[in-house]
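As structure tokens, the structure follows; a few thoughts come after it.
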Amino acid sequence: MTKQDSVKPTNFIHQIIEQDIEKNVHGGQVITRFPPEPNGYLHIGHAKSICLNFGTAIKYGGQCHLRFDDTNPEKESQEYIDSIVSDVRWLGFQWAGDIRYTSDYFQQLHDWAVYLIKEGKAYVDDLNAEQMREYRGTLTEPGKNSPYRDRSVEENLALFEQMKDGTRPEGSCVLRVKIDMASPNINMRDPVIYRIRHAHHHQSGDQWKIYPSYDFAHGQSDAIEQITHSICTLEFEDHRPLYDWLINNLPVPSQPKQYEFARLNLNYTITSKRKLKQLVDEKHVDGWNDPRMPTISGLRRRGYTPTSIRNFCDMIGVTRSNGIVDMAMLESAIRDDLDTNAPRAMCVTRPLKVTITNFAEGEEEFFELAAHPKDESMGNRRVSFGRNLLIEQEDFEEVAPRKWKRLAAGEAVRLRGAYVIRCEEVIKNDAGEIVELKCTYDPATKGVNPEGYKANGVIHWVNADNSVPCEVRLYDRLFTEANPEGDKSRSFLDFINPESLVVLTGCRAEPSLAEVKPEQNFQFERMGYFCVDQNSTSENLVFNRTVTLRDSWAKIQQG
RNA sequence: AGGGGUAUAGCCAAGCGGUAAGGCAACGGGUUUUGAUCCCGUCAUGCGGAGGUUCGAAUCCUCCUACCCCUGCCA
């Protein structure tokens, strides 16, 4: 929470809060909450909400609660709870007090439902789902009252008790609050506040046969927790009158207020929990934490840092207008963080053999290279030079194209941190493929530019005799279309990028990379940012590409 | 004549009646033993459209248009 505190661009929610503090609304307190339903993994869109809620609390010296909105046991599970807790922590946030659950408040919520019944403001309705839909009316026509709307308080009490006891079957009836079946806001047409579910709940076990709806649970939970600013996404805007109605008609201990902001949309990906789950269930990806997934755990495995995600959330702002943020912004955020914080190393992903004919067999020379070009505190690494080297296949062309800054037949190039070499001979196999380059090195170019000629440029390399074998996974955007959900006649699955994962084996990393730990980030010079996969071992080294470096050569080639 | 929202550059976004911040992208140029980073510069006489009020309007008023959300016993 470094630069976030001070020079933070303010948003409309912060403006409201500052006015509230000034007018001493909520006693000048700021208490927010992040309220996920544990029915899926957190994604980048949730990160926006997390940063907003926790960031707001930090900024105004308040607190933020982590509360699981667990009112629908059939879709929820402990696995999701565990992943969410871990993701929030990883992002660097700490909630105030214990983890909270809406299910902690089931008894109080039930008692408030009874209160409403006694006030004549709630009733048990025997209409089935289909009938209820008919009675609800449509967007343009008012609904009509249920025939069960005028049951007596005593009857409603008895019926609700039966629902609670489990003596009424699932779906046989619901508890509704009595508001206005003719309201232009459909959420006010006697919304359901309790339904029967004879389901086992991951927190409350088999204690309850009835579960409160979102509308009945959320605001009241906010009130119980003394939440001052209940921040949610735009689709709940129409629920605000109901939120307020319940707060005003119940003897709740505080008066929280709901504010809505636009959810995050990112191009070349999706953030629908349902569709993300489909990708996992149908094995289009490797799991919720597949590095191609926009989930927090996927981004983490991809090599994104908490800092980069928080900075990204600062960058995109908080407003009420729907937009689609360019993936390039997220990429910019991670490049920015990793450029300053990732140590540099060399790794040859598609090796081409280079023999230095004027360097003695069995000899070895060492170079101390800075781990970072601008940060001495990151120290040095030791790189070994010898007769048998490996360079990147794409760094050699027999005939240099225009503006070529790499190696070509007869030409010279700098090996990063070492000598300038010249390609004297190109060796091909029977198929005509280049299999080896015979080169000479210029001993006079150690640390200085050559005299009398110029090297084309600088390329990376490793010593074939002691470099470390590894696997490199090149990840790219998951979809080929900016808006994979945009074509109504086609499934988003049709737009999965077949090259979103390219696995390279037989790669060779410099020796300093032999002892790395999962999740360490590196810049492989000229190749991009990579991190050690969480399942990587010293016997089976695996690096995931987080993002490429900006590549102006690619633009020159295209143009 | 359903209700609720939103429109500022290719994208995100400041602006709150006094003459269009910033970031991303893009495009020039400089430095560079990473075609990276870094640095410098360019990029809205224009704020969805049309009227109106005002000395002055992206900001206020009127009308219009486009897009988003709402008819779960999901959240």
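Nothing here was measured: the structure is a model prediction, and the numbers come from that model. Chain A is the first sequence line, chain B the second, and so forth, proteins listed ahead of strands; every chain is numbered from 1.
- Residue contacts for A/Thr548: at a heavy-atom cut-off of 4.0 Å it reaches no nucleic acid atom on any strand shown.
- Separating the C1' atom of B/U8 from that of B/C67 is a span of 16 Å, rounded to the nearest Å.
- A/Asn39 comes within 4.0 angstrom of nothing in the nucleic acid, heavy atoms only.
- For a distance-only test at 3.5 Å, the side chain of A/Arg414 qualifies as a donor-acceptor partner of the base of B/U33.
- Side-chain atoms of A/Glu37 lie closest to B/C74 of the nucleotides B/C11, B/C74, B/C38.
- Between A/Lys555 and B/A26 there is a side-chain N or O to OP1 or OP2 distance below 4.0 Å.
- Because its NZ or CZ atom is not both nearer than 6.0 Å to the ring centre of A/Phe367 and within 45° of the ring axis, A/Arg381 does not count as a cation-pi partner of that residue.
- As judged by a 4.0 angstrom heavy-atom cut-off over every strand, A/His239 is placed among the base-contacting residues.
- Note on A/Leu338: nothing from the nucleic acid sits closer than 4.0 angstrom, heavy atoms only.
- Nucleic acid contact class of A/Arg197 (heavy atoms, under 4.0 Å, all strands): base.
- Nucleic acid contact for A/Ser332: sugar-phosphate only, since backbone atoms but no base atoms lie under 4.0 Å from a heavy atom of the residue.
- Across B/G2, B/C73, B/A25, the shortest atom-to-atom separation from the side chain of A/Arg550 is found for B/A25.
- In this structure, A/Arg320 does not reach the B/G5 phosphate: none of its side-chain N or O atoms is under 4.0 Å from OP1 or OP2.
- The side chain of A/Ser213 lies closest to B/A75 when the candidates are B/A75, B/G5, B/C12.
- Between the side chain of A/Gln523 and the base of B/U34 there is at least one donor-acceptor pair of N/O atoms closer than 3.5 Å.
- A straight line from CG of A/Asp190 to C1' of B/C73 spans 14 Å, rounded to a whole angstrom.
- If you check every strand for non-hydrogen atoms under 4.0 Å, A/Gly417 touches a base.
- In this pair, A/Trp553 lays its aromatic ring flat on the base of B/G35, centres within 5.5 Å and planes under 30 degrees apart.
- Distance noted for atom P between B/A50 and B/A57: 15 Å (whole Å).
- Residue-level contact check: A/Ile196 touches neither bases nor backbone, having no heavy atom under 4.0 Å from any strand.
- With hydrogens and angles left out, the side chain of A/Asp238 and the base of B/G3 share a donor-acceptor pair within 3.5 Å.
- Residue A/Gln15 places its side chain closer to B/C16 than to any other of B/C16, B/A7, B/U34.
- Aromatic pair A/Tyr419/A/Tyr441: centroids less than 6.0 angstrom apart.
- Residue A/Ser552 places at least one side-chain N or O closer than 4.0 Å to OP1 or OP2 of B/A36.
- Residue A/Leu139 is classed as a base contact, given a heavy-atom separation below 4.0 Å to a base.
- Using atom P as the reference point in both B/C70 and B/G28, the two lie 44 Å apart (nearest Å).
- A/Ala328 comes within contact range of the sugar-phosphate backbone alone, with a heavy-atom separation under 4.0 Å but no base atom that close.
- For the residue pair A/Glu411 / A/Asn456, a side-chain donor-acceptor distance below 3.5 Å is found, with atom types taken as modelled.
- A residue-by-residue look at A/Asp69 and A/Asn322 shows that A/Asn322 has its nearest nucleotide of RNA chain B further toward the 5' end.
- Closest to the side chain of A/Ser321, from the set B/U6, B/C74, B/G35, is B/U6.
- Of the candidate nucleotides B/U33, B/C11, B/C73, B/C73 has the atom lying nearest to any side-chain atom of A/Ala129.
- Comparing the P positions of B/C73 and B/C63 gives an interatomic distance of 36 Å, to the nearest angstrom.
- We find that CG of A/Asn449 is positioned 14 Å from P of B/U31, with the value rounded to whole Å.
- Base pairing of B/U42 is made with B/A26, judged by Watson-Crick or G-U wobble geometry with both donor-acceptor distances under 3.5 Å.
- Proximity note for A/Ile556 (side chain, C-beta onward) versus B/G35, B/C68, B/A14: the nearest is B/G35.
- B/G72 takes the syn form, because its glycosidic angle lies no more than 90° either side of 0.
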- Query: Is there a side chain to side chain contact (heavy atoms under 4.5 Å, CB included) between A/Leu242 and A/Met188 once you walk through the steps?
  - Reply: CA-CA 6 Å; A/Leu242 177 54; A/Met188 299 298 268; 3.8 Å; yes
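- Residue A/Phe236 is in base contact, counting any heavy-atom pair closer than 4.0 Å across all strands shown.
- The side chain of A/Arg416 sits closest to B/U33 out of B/G3, B/U33, B/C73.
- Computed from coordinates, the A/Glu260 CD to B/G4 C1' distance equals 10 Å when rounded to whole Å.
- Distance noted for atom C1' between B/G10 and B/C43: 11 Å (whole Å).
- Comparing atom distances between the A/Pro373 side chain and each of B/A75, B/A36, B/C12 picks out B/A36 as nearest.
- Distance noted for atom C1' between B/U59 and B/G15: 8 Å (whole Å).
- Base pairing analysis places B/C63 opposite B/G49; the two distances defining the Watson-Crick or G-U wobble pair are each below 3.5 Å.
- Of the two residues contacting RNA chain B, namely A/Arg195 and A/Ala418, the nearest-nucleotide position lying further toward the 5' end is that of A/Ala418.
- Annotation: cation-pi geometry satisfied between A/Arg477 and A/Tyr268 (NZ/CZ under 6.0 angstrom from ring centroid, within 45° of ring axis).
- Within the 4.0 angstrom heavy-atom criterion, base atoms lie near A/Gly447.
- Nucleotides B/A25 and B/A36 are separated by 13 Å at their P atoms, to the nearest Å.
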- Item | Trace of the side chain to side chain contact (heavy atoms under 4.5 Å, CB included) decision for A/Tyr41 with A/Leu276 | CA-CA 9 Å; A/Tyr41 279 58; A/Leu276 255 15; over 6 Å; no
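- In this model, a donor atom of one side chain and an acceptor atom of the other lie less than 3.5 Å apart for A/Tyr529 and A/Gln523.
- Look at the P atom in both B/C40 and B/C60: the space between them is 36 Å, to the nearest Å.
- The distance from atom CG of A/Asn39 to atom CD1 of A/Ile84, rounded to the nearest 0.5 Å, is 7.5 Å.
- The base of B/U34 lies close enough to the side chain of A/Arg344 for a donor and an acceptor atom to sit less than 3.5 Å apart.
- Look at A/Arg136 and you'll find a side-chain N or O under 4.0 angstrom from OP1 or OP2 of B/G72.
- Under 4.0 angstrom from either OP1 or OP2 of B/G72 there lies at least one side-chain N or O belonging to A/Arg133.
- When only modelled atom types and interatomic distance are considered, A/Asn185 and A/Ser183 share no side-chain donor-acceptor pair under 3.5 Å.
- If you check every strand for non-hydrogen atoms under 4.0 Å, A/Thr71 touches sugar and phosphate atoms only.
- At the heavy-atom level, A/Lys273 lies nowhere under 4.0 Å from the strands shown.
- On a pure distance criterion of 3.5 Å, a polar donor-acceptor pair joins the side chain of A/Arg406 and the base of B/G35.
- Spacing between atom CD1 of A/Ile324 and atom P of B/A25 amounts to 19 Å, rounded to whole angstrom units.
- Side-chain atoms of A/Tyr80 and A/Glu37 form no donor-acceptor pair, as typed in the model, at a separation below 3.5 Å.
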